[in-house]
Visitor: 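The structure is given below, and queries will be raised subsequently.
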Amino acid sequence: RMQLLALGFPANKLYYSVAYVPRAGLHTVLIANVDGTDLVLDSRTPWIERWSDTPYVWLLKQSASDPSIWYSTFPETDDSNTIALAALAS
């Protein structure tokens, strides 16, 4: 994340997400939104995949506009159906 920000990647296009990975458990990855497509930047793999193409069960995703807000993505739903889980007072 810090390297992408230093290279000028917009902060509002980066967020974290928590997934369940079969045979490994919970795993946090960085998501980069590029041209409207969410791409998974995962330390477990050498490649970049679309959010929808991973074998993961997505549980939580951070708000790109407010990093103190997290949304439930379980069961996997579109953004209009996610639930705000927590918001920390600033």
Visitor: Measure the shortest side-chain to side-chain distance between Leu41 and Ile48 over non-hydrogen atoms and say whether it is less than 4.5 angstrom.
Guide: yes
Visitor: Which heavy atom in Pro22 sits nearest to a heavy atom in Pro55, and how many Å separate them?
Guide: CD-O, 3.8 Å
Visitor: Hey, is the main chain of Val18 close enough, under 3.5 Å, to the side chain of Thr28 for a donor-acceptor pair?
Guide: no
Visitor: Check side chain to side chain donor-acceptor pair (under 3.5 Å) between Thr45 and all other residues, then give those that pass, not counting sequence neighbours.
Guide: none
Visitor: If you round to the nearest 0.5 Å, how far is CD of Gln3 from CG of Leu30?
Guide: 11.0 Å
Visitor: For a 4.5 angstrom cut-off between non-hydrogen side-chain atoms, does Tyr16 reach Ile31?
Guide: no
Visitor: Side chain to side chain contact (heavy atoms under 4.5 Å, CB included), that's the test. Do Arg1 and Phe9 meet it? Break it down for me.
Guide: CA-CA 9 Å; Arg1 184 175 199 279; Phe9 200 91; over 6 Å; no
Visitor: So, the side chain of Gln62 versus the backbone of Ser17: is there a donor-acceptor pair under 3.5 Å, distance only?
Guide: no
Visitor: Once side chain to side chain contact (heavy atoms under 4.5 Å, CB included) is applied, do any residues pair with Ala6, and if so which ones, sequence neighbours excluded?
Guide: none
Visitor: Can any side-chain N or O of Thr73 pair as donor or acceptor with the backbone N or O of Leu59 at less than 3.5 Å?
Guide: yes
Visitor: If hydrophobic clusters are built from ILVMFWY residues whose side chains come within less than 4.5 Å, do Val57 and Leu26 share one?
Guide: yes
Visitor: Would you please name every residue forming a side chain to side chain contact (heavy atoms under 4.5 Å, CB included) with Ser63, sequence neighbours left out?
Guide: Ser65, Asp66, Ile69, Tyr71
Visitor: Not counting sequence neighbours, which residues clear side chain to side chain contact (heavy atoms under 4.5 Å, CB included) with Pro10? List them please.
Guide: Asn12, Lys13
Visitor: Which pairs count as side-chain hydrogen bond (donor to acceptor under 3.5 Å, both in side chains) when at least one residue sits in residues 29-43, sequence neighbours excluded?
Guide: Tyr15-Asp38, His27-Asp42, Asn33-Asp38, Asp42-Tyr56
